[in-house]
Amino acid sequence: MVVCSQRFDTYKLYKLVFNDIYLCKKIYKFVRAINRQFTNSMIENKSFTQRCRYNEATFIWMVKNAHFQLLKDKIEIGKQFKEENDDFTLANISLFLTLTSTSTSSSSSTSLIITKEILNKFYETNKKLIKELVSIEGILKFAIDSQNLNFIEIIYQEEEFKNKEFKIEKTINPFKFIMDSAIKNGNLEIIKFVHNSLSIEFDKEKTINNIIASNCTINNKNNIIKYLLNEINFKPIKSERDDYPYDPKSLFTDFFNLESSLFKKLFEIGLISIPTNNNNNNDNNNNNFIINKSSHDSIISKLCTRIRLYSKYLINYNNNNNSGNDFIPFNNVLNFFQNIILFLSTIKSKYCQPLKNINKIIQQNQQEQEQQQQQQQQQQNEQQVEFKITNLFSNIKSVISNKVKSIVEINSDDDNENNFNENKIEIQLKRIILIDFLKEIKELIFSQDEWTLIILNYSRESGEYNLIKDELNIKKIEDINVKLKSPEKMFSSLVIQIAVQHGDPNFIEVIPTFYEQYFQRYLDESYVKHHNDTSTNNYYNPKLVNINQQLIFIETIYKYNFQCKEIILKNLFDNFIDLTIDHANKIIEIIKNYNSTTKPTTANLFTGNEMIFKYYFKNHYQLFDWDDKNISESIIKSSNLELIEFIHNNEIGSLDLNSSINHCKTRQVAELMYDKFGYKFHSQLIDISNLNDWNSNYLFYYAINKIIKDNQSDSSKLLIIISNKVGNDYKKLKFLSKLITDGKLNLNNFSIGDNQVNQFLNSLNSLESLKNFGNLSYINQYIKENNTKIVFDDNFYKSFPVNNNFIINYFNIKNSRL
């Protein structure tokens with residue numbers, strides 16, 4: 001764009017940029033990040049910080065809002081913080097130290113700002129107050145709990161600690177909990193510092209137990225125990241003490257999460273054994289573990305629950321539905337089962353064989369990988385092997401991080417030998433654990449439904465369909481669920497459920513041929529009928545499944561007329577961005593061949609893909625229903641301006657000139673539909689008033705102003721219906737109040753949920769009500785407009801909502817200046 005010297009219309013340029021939906025979103029995202037520093041909002045799911053001047057920025061405000069550069073500046077000029085106004089408390093100092101620690105992954109950039117030199121300046125300037133907050137005996141423990149090694153080293157240089165003996169063997173030692181604190185936090189570098197610099201020894205009885213009982217990650221626990229056993233040759237002994245602050249039964253189950261090599265060492269030392277039952281001193285109690293189903297010992301329940309959980313992760317690993325915060329890495333799952341099998345092999349010798357088989361697979365694969373690496377070293381500039389098992393159990397983390405990236409795609413032209421080998425090894429390991437091992441204890445661990453799903457899932461992935469017949473009593477499953485009227489748990493239902501979760505057409509096609517008698521009624525009574533959930537959580541992720549496999553799967557579910565077929569098809573159009581015209585034509589063939597109903601398929605299925613939508617409209621118009629109102633609603637809500645114009649010009653989606661605009665979510669869509677196409681807002685504004693986007697206030701104002709304009713001739717009958725959420729939005733309420741003050745509307749023209757309008761508007765005239773908005777600018781604006789004098793007493797502060805310390809501190813400072 002070239003701007004000549006002639007006068008140009010800035011507003012037109014502004015609209016040109018902001019009417020571009022992509023540019024607009026980019027700009028708003030950037031502005032919103034800045035705006036977080038300057039605004040405070042009561043809108044749900046928002047966590048805005050509050051604007052303040054340099055002198056008003058308190059210690060905790062800078063810490064919680066990550067203004068570490070500002071905090072650094074204040075430290076450099078020798079700022080002394082105060083407990084009262086700055087919230088300079090031990091908890092807040094600890095938060096500051098933790099956030100600026102070099103060992104905290106989230107604080108890598110922060111630690112570059114708050115360096116050790118800056119931290120030392122901070123301590124020297126505020127040493128007096130810090131020492132008033134914590135005793136000399138406690139300050140080193142406080143530093144260790146903060147997990148900031150720089151601060152620990154600074155404290156250690158204090159005169160009080162020079163030449164001090166810290167050795168833990170001393171019975172009367174004020175520093176005896178320092179090592180416990182270091183272990184509790186799980187920071188290996190701090191543990192090394194405490195051990196090497198402070199010369200505090202590890203307690204042979206309780207150190208390992210303390211590590212296992214700590215809240216640090218399993219990787220940290222593994223690293224600490226490796227350091228103890230391998231680097232400093234620590235020799236722990238089994239503790240007979242009963243004064244630990246944790247449940248020994250929970251501790252016992254937590255041992256099984258360790259890396260298998262470490263578990264084996266600790267097990268051989270004798271540190272891992274079943275805690276005795278105080279009410280049962282039978283010597284045979286241990287021998288009955290896992291095989292005595294009548295036992296009610298809580299440790300069995302805990303371990304069984306863990307086995308059940310990890311079994312689900314194992315069967316689902318590397319499948320198309322792996323996601324979420326609760327996902328456990330495959331190496332952790334594999335370590336757990338290795339440890340379980342090793343432990344049980346001492347009870348029953350038959351458990352030794354699965355462990356031998358696992359080791360055999362690992363050794364074979366290790367040899368293959370070493371040979372492959374040698375070959376690849378001879379070939380320059382070629383891609384290195386993605387899947388490396390140099391030592392699967394000692395370095396499994398790197399193995400699985402690569403495996404996660406490799407989703408095995410059926411019918412993919414890009415599948416290579418590495419992917420095949422990975423999948424083969426994974427399936428072999430799963431078989432040993434799930435089939436060879438877990439079936440021996442399945443009666444104790446799993447319900448019939450859970451075991452059925454495990455067998456079906458593994459059979460689908462491995463192709464060992466004979467396992468279904470060998471491991472499941474299908475007739476019993478069917479008879480029970482028919483009797484219980486639970487068709488969703490019938491064998492046929494479970495097969496369909498698993499196939500849909502993974503987008504696997506083979507499982508639908510093959511299993512019925514093996515067990516035909518159990519599929520005679522599944523179209524009427526099973527998953528096809530009862531599982532018609534419109535959410536996509538129960539279906540495969542189109543981004544993770546090869547498109548050729550997806551097309552075969554879609555053809556299969558259309559052939560069997562699954563009720564969920566359109567949901568799956570829409571999921572594909574909405575989420576797979578690489579669809580081509582060839583793919584679109586293949587889907588047309590499927591619909592033509594198998595759509596037995598006379599009613600055409602709704603075009604709402606592909607509103608998420610503009611190219612396919614326009615292609616189908618131009619080339620396959622008769623095959624779809626283009627009058628479905630859901631089409632226009634979906635496209636308007638998507639804010640796709642080009643597609644909105646397309647459906648308007650082609651009269652698609654039963655657009656209503658008097659209400660369709662109410663589906664819009666952005667001002668760009670509203671202006672396009674109102675100004676260019678002549679759509680009018682309906683007075684029912686629930687959806688628009690519920691929006692909480694950054695620019696939603698503008699859309700709210702715009703809609704109401706246009707409604708007023710379009711009803712000027714007879715405003716007495718106008719009733720604008722808006723959401724209850726408006727009652728929590730100061731700016732919207734101020735806007736409505738001004739409309740009434742200006743005489744454009746009256747109270748009878750509004751309906752806010754089930755509440756009286758004046759009830760909300762009156763809150764604007766009360767300082768006490770304004771405090772609930774939690775926004776300092778609103779309060780200051782009220783004080784300025786009403787020339788109000790505030791009495792800064794206890795009642796003034798107590799009436800603020802919780803977590804509004806910033807505003808309280810602001811008025812504390814303001815009051816101190818009066």
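Position 1 is the first residue of the sequence, and the numbers go up from there.
In this structure, Ile720 CD1 and Ile686 CD1 are separated by 12.0 Å, a value rounded to the nearest 0.5 Å. Remark: Leu719 CG to Asn749 CG distance equals 7.5 Å, nearest 0.5 Å. Note that the CG atom of Leu569 and the CD1 atom of Ile557 stand 7.5 Å from one another [nearest 0.5 Å]. Taken to the nearest 0.5 Å, the CD1 atom of Ile581 stands 4.5 Å off from the CD1 atom of Ile612. Between the CG atom of Leu691 and the OH atom of Tyr698 there is a distance of 15.0 Å, given to the nearest 0.5 Å. We find the OG-CD1 distance between Ser660 and Ile647 to be 8.0 Å, quoted to the nearest 0.5 Å.
Partners of Ser654 by side-chain hydrogen bond (donor to acceptor under 3.5 Å, both in side chains), not counting sequence neighbours: none found. By the side-chain hydrogen bond (donor to acceptor under 3.5 Å, both in side chains) test, Lys676 pairs with Glu645, sequence neighbours left out.
Aromatic ring centres of His502 and Phe507: separated by at least 6.0 Å.
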His620/Asn585 under side-chain contact (heavy atoms from CB on, under 4.5 Å): CA gap, chis, key distance, verdict: CA-CA 10 Å; His620 300 284; Asn585 287 333; 3.9 Å; yes
side-chain contact (heavy atoms from CB on, under 4.5 Å) between Phe681 and Ile704: does it pass, once the steps are laid out? CA-CA 8 Å; Phe681 284 96; Ile704 291 183; over 6 Å; no
Given Val500 and Ile568, is the side-chain contact (heavy atoms from CB on, under 4.5 Å) satisfied, shown in steps? CA-CA 9 Å; Val500 170; Ile568 293 174; 3.9 Å; yes
Given salt bridge (Lys or Arg N to Asp or Glu O under 4.0 Å), test Lys637 with Glu633 step by step and report yes or no. CA-CA 6 Å; Lys637 286 181 177 180; Glu633 181 177 342; 2.9 Å; yes
Show your working on side-chain contact (heavy atoms from CB on, under 4.5 Å) between Phe750 and Val726 and close with a plain yes or no. CA-CA 12 Å; Phe750 290 105; Val726 172; over 6 Å; no
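The backbone N or O of Lys734 sits nowhere less than 3.5 Å from a side-chain atom of Ser737 that would complete a donor-acceptor pair. Checking side-chain atoms of Thr580 against main-chain N and O of His583 turns up a donor-acceptor pair under 3.5 Å. Between the Gln550 side chain and the Val545 main chain, a donor and an acceptor come within less than 3.5 Å of each other. In this structure, the side chain of Asn571 does not engage the main chain of Pro542 through any donor-acceptor pair within 3.5 Å. When atom types are taken as modelled, the side chain of Asp742 and the backbone of Lys744 share no donor-acceptor pair closer than 3.5 angstrom. Side-chain atoms of Gln549 come within 3.5 Å of backbone atoms of Gly503 as a donor-acceptor pair (strictly under, hydrogens ignored). The main-chain N or O of Thr602 is never found under 3.5 Å from a side-chain atom of Asp628 such that the two would form a donor-acceptor pair.
Glu610 and Lys614 are joined by a salt bridge, as a carboxylate oxygen and a charged side-chain nitrogen come within less than 4.0 angstrom of each other.
A cation-pi contact links Lys565 to Tyr558, judged by a cut-off of 6.0 Å to the six-membered ring centre and 45° from its axis. In this structure, Lys732 satisfies the cation-pi test against Phe700, with its NZ or CZ atom closer than 6.0 Å to the six-membered ring centre and inside 45 degrees of the ring normal. The side-chain tip of Lys543 does not point at the ring of Phe576 from less than 6.0 angstrom away and within 45° of straight on.
Here the closest non-hydrogen pair linking Val669 and Ser639 is CG2-CA, 3.6 Å. In this structure, Asn662 and Lys680 approach most closely via the heavy-atom pair OD1-O, 4.3 Å. Heavy atoms only, all atoms of each residue included: His682 and Ile707 are closest at O-CD1, 3.6 Å. Heavy atoms only, all atoms of each residue included: Leu655 and His648 are closest at CD1-CA, 3.7 Å. In terms of heavy-atom proximity, Asp656 sits nearest to Tyr679 at O-CD2, 3.5 Å. Smallest separation of non-hydrogen atoms from Gly608 and Asp574: CA-OD1, 3.3 Å.
Residues Tyr615 and Asn609 have side chains that never bring a donor and an acceptor to within less than 3.5 angstrom of each other. Looking at Asn650 and Tyr621, their side chains never bring a donor and an acceptor atom within 3.5 Å of each other. In the model, Tyr702 has no side-chain atom that pairs as donor or acceptor with a side-chain atom of Glu671 under 3.5 Å.
The side-chain heavy atoms of Ile547 and Leu579, taken from C-beta on, include a pair separated by under 4.5 Å. Between Ile635 and Phe646, the closest side-chain pair of non-hydrogen atoms is not below 4.5 Å. Considering only heavy atoms from C-beta on, Ile508 stays 4.5 Å or farther from Val495 through its side chain. Between Tyr616 and Leu623, every side-chain heavy-atom pair lies at or beyond the 4.5 Å cut-off. Two residues are said to be in side-chain contact when any heavy atoms from C-beta on lie closer than 4.5 Å; Asp625 and Ile631 fail this criterion. Between Lys629 and His663, every side-chain heavy-atom pair lies at or beyond the 4.5 Å cut-off. Between Lys570 and Thr607, some side-chain heavy-atom pair lies under the 4.5 Å cut-off. Under the 4.5 Å side-chain criterion, counting only non-hydrogen atoms from C-beta, Glu589 is not in contact with Glu555.
Ring pair Tyr540/Phe553 is perpendicular by interplanar angle, where above 60° counts as perpendicular and below 30° as parallel. Aromatic ring pairs are classed by plane angle as parallel below 30°, tilted from 30° to 60° and perpendicular above 60°; the pair Phe606 and Phe573 is perpendicular.
Heavy-atom contacts from other residues, nucleotides or ligands closer than 6.0 Å to CD1 of Ile577 number 12 or fewer.
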